[in-house]
Amino acid sequence: MLVVTWNVNSLRARLPRVLELLARHRPDVVCLQETKCRHDQFPLAEIAAAGYAAAHHSAGPWAGVALLVRAAPSAAPPDGADPGDGPSAAAGPDGSLHDTVVGLSGEPVVEEARWLEATVAGVRVISTYVPNGRSLDSPEFPRKLAFLEAAARRIGTLRAAGMPIILAGDLNIAPQDRDLYDPAVFADGTHVTNEERSRLAAIEKAGGLLDAYRHRHPETQQFTWWDYRAGHFHKGLGLRIDLVLISASLAPRLRECGIDRDFRKGPRPSDHAPLLVRLDD
DNA sequence: ATGGCCGTCTGTGACGGA
């Protein structure tokens with residue numbers, strides 16, 4: 001099973017690149033963040049035409065998360081078929097979306113669209129977009145911490161239910177200093193504080209989860225986000241803030257985990273690159 | 001590293017992103 005997470009920074013602006021990703025990698029599951037569209041703007045028809053069912057949590061110009069699941073070839077909708085128009089849309093062999101949950105219980109700002117769950121092939125898959133936090137003295141920062149605490153509670157509940165978990169998304173935390181191009185630049189900023197890192201660790205502990213990229217590549221410095229400005233991508237100045245956390249029970253199936261930097265290049269790229277995780281079937 | 005960018009909206013610049 002190939003799982004991809006990608007902060008697309010507007011799904012409408014990025015749709016050609018998303019379709020390119022689906023065609024190139026044919027992932028089984030895609031977790032998207034920052035879709036930035038109203039519910040009625042979500043491009044269900046184009047995604048269905050590419051052979052994917054979708055569930056989404058859309059709230060207008062900010063945030064927004066989605067899950068795409070590859071349909072079986074025989075289950076592809078015929079020409080003119082209604083692709084469906086909501087989180088209940090489903091398709092796939094073992095790739096159906098079941099028991100979709102929209103939103104995170106206890107999240108501080110309910111009207112933001114930052115958390116979406118579904119069961120795919122016996123795995124509880126979550127696409128999340130954690131608040132940025134802006135700055136340490138901003139009211140957004142305690143909201144970020146509260147969101148992370150709510151996520152830990154929810155993950156603990158899901159673990160107790162017994163199904164393996166894949167929590168994927170833009171966590172907006174660099175887990176270690178090796179996940180930053182220069183720790184000094186971020187010394188007084190968000191994304192690196194003990195408050196954030198300890199809450200990320202609490203999520204991992206609550207779920208029995210591990211960071212798939214770091215598990216597979218214990219020492220490598222590689223990034224998933226680069227500022228659009230100042231040529232940072234071409235200078236190699238980025239952060240690793242997009243993560244896939246998997247249940248320890250899935251770790252023996254972890255074949256590979258990598259970042260496709262090609263999608264940070266080319267026409268109209270997102271400022272994030274997709275992170276790919278392959279699990280043996 | 002001071003900063004350079006890109007996306008949204010009913011906009012003609014402000015704001016958010018990290």
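Residue numbers begin at 1 in each chain, while the letters A, B, ... track the order of the sequences.
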[X] and [Y] ion-paired at < 4.0 Å:
X        : Y        : result
A/Lys144 : A/Glu195 : no
A/Arg216 : A/Glu256 : yes
A/Arg178 : A/Glu219 : yes
A/Arg255 : A/Asp281 : no
A/Glu196 : A/Arg199 : no

Atom CG of residue position A/Asp182 - does it have more than 12 heavy atoms of other residues, nucleotides or ligands inside 6.0 Å?
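Yes, because the 6.0 Å sphere around CG of A/Asp182 holds more than 12 heavy atoms from other groups.
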Can you tell me if NZ on A/Lys265 sees more than 12 non-hydrogen neighbours from other groups inside 6.0 Å?
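Enclosed: over 12 neighbouring heavy atoms sit under 6.0 Å from NZ of A/Lys265.
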Distance below 4.0 Å between [X] side-chain N/O and [N] OP1 or OP2:
X        : N      : value
A/His232 : B/dG3  : no
A/Asn7   : B/dA18 : yes
A/Arg229 : B/dC5  : no

Quick check: do A/Gln41 and A/Thr35 have side-chain heavy atoms less than 4.5 Å from each other?
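The answer is no, as the side chains (C-beta and beyond) never meet within the 4.5 Å cut-off.
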Quick one: does A/Trp6's side chain get under 4.5 Å of A/Arg17's, heavy atoms only?
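When only atoms from C-beta onward are counted, A/Arg17 and A/Trp6 do touch, with a gap below 4.5 Å.
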In whole Å, I'd like the distance from the [atom1] atom of [X] to the [atom2] atom of [N].
X        : N      : atom1 : atom2 : value
A/Asp271 : B/dG16 : CG    : P     : 16 Å
A/Leu180 : B/dA1  : CG    : P     : 14 Å
A/Leu237 : B/dC5  : CG    : P     : 16 Å
A/Tyr129 : B/dG16 : OH    : P     : 12 Å
A/Asp227 : B/dG16 : CG    : C1'   : 13 Å
A/Trp6   : B/dG17 : CH2   : P     : 20 Å
A/Arg134 : B/dG16 : CZ    : P     : 4 Å

Sub-3.5 Å pairs of nitrogen or oxygen atoms, protein against nucleotides 6-8 of chain B:
from, atom 1, to, atom 2, distance (Å)
B/dG7, OP1, A/Arg14, NH1, 3.2
B/dG7, O3', A/Ser10, OG, 3.3
B/dT8, OP1, A/Ser10, OG, 2.6

Members of residues 168-179 of chain A that approach DNA chain B, where some heavy atom sits under 4.0 Å away
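Correct list: A/Asp170, A/Asn172.
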DNA chain B contacts made by residues 183-190 of chain A, counting heavy atoms under 4.0 Å:
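Within residues 183-190 of chain A, no residue comes under 4.0 Å of DNA chain B.
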Considering only atom [atom1], compute the distance from [N] to [M] and round it to an integer number of Å.
N      : M      : atom1 : value
B/dG16 : B/dG11 : C1'   : 15 Å
B/dA18 : B/dA1  : C1'   : 16 Å
B/dG13 : B/dG3  : P     : 23 Å
B/dA14 : B/dG4  : P     : 15 Å
B/dT10 : B/dC6  : P     : 23 Å

Could you give me the CA-CA distance, side-chain angles and deciding distance for A/Asp280 and A/Arg253, then say whether salt bridge (Lys or Arg N to Asp or Glu O under 4.0 Å) is met?
CA-CA 5 Å; A/Asp280 292 328; A/Arg253 293 170 52 190; over 6 Å; no
Just to be sure I understand the rule, does A/Phe223 reach a base, reach only the sugar-phosphate, or reach nothing, if contact means heavy atoms closer than 4.0 Å?
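No contact.
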Within this structure, what is the CD1-CG distance for the pair A/Ile241 and A/Leu275, rounded to the nearest 0.5 Å?
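Between atom CD1 of A/Ile241 and atom CG of A/Leu275 there are 11.5 Å.
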State yes or no: are the ring centers of A/Phe147 and A/Tyr129 separated by less than 6.0 Å?
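No, the ring centres sit 6.0 Å or more apart.
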Distance flag, aromatic centroids of A/Phe263 and A/His272, threshold under 6.0 Å
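No, they do not, as the ring centres are separated by 6.0 Å or more.
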Side chain of A/Ile241 (C-beta onward), nearest among B/dA18, B/dG17, B/dG4:
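For A/Ile241, the side-chain atoms sit closest to B/dA18.
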Assuming nearest nucleotide by heavy-atom distance, tell me which of A/Lys235 and A/Asn132 is located more 5' along DNA chain B.
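Counting from the 5' end, the first nearest nucleotide belongs to A/Lys235.
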Residue whose nearest DNA chain B nucleotide is more 5′ - A/His191 or A/Tyr181
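Its nearest nucleotide lies further toward 5', so the answer is A/Tyr181.
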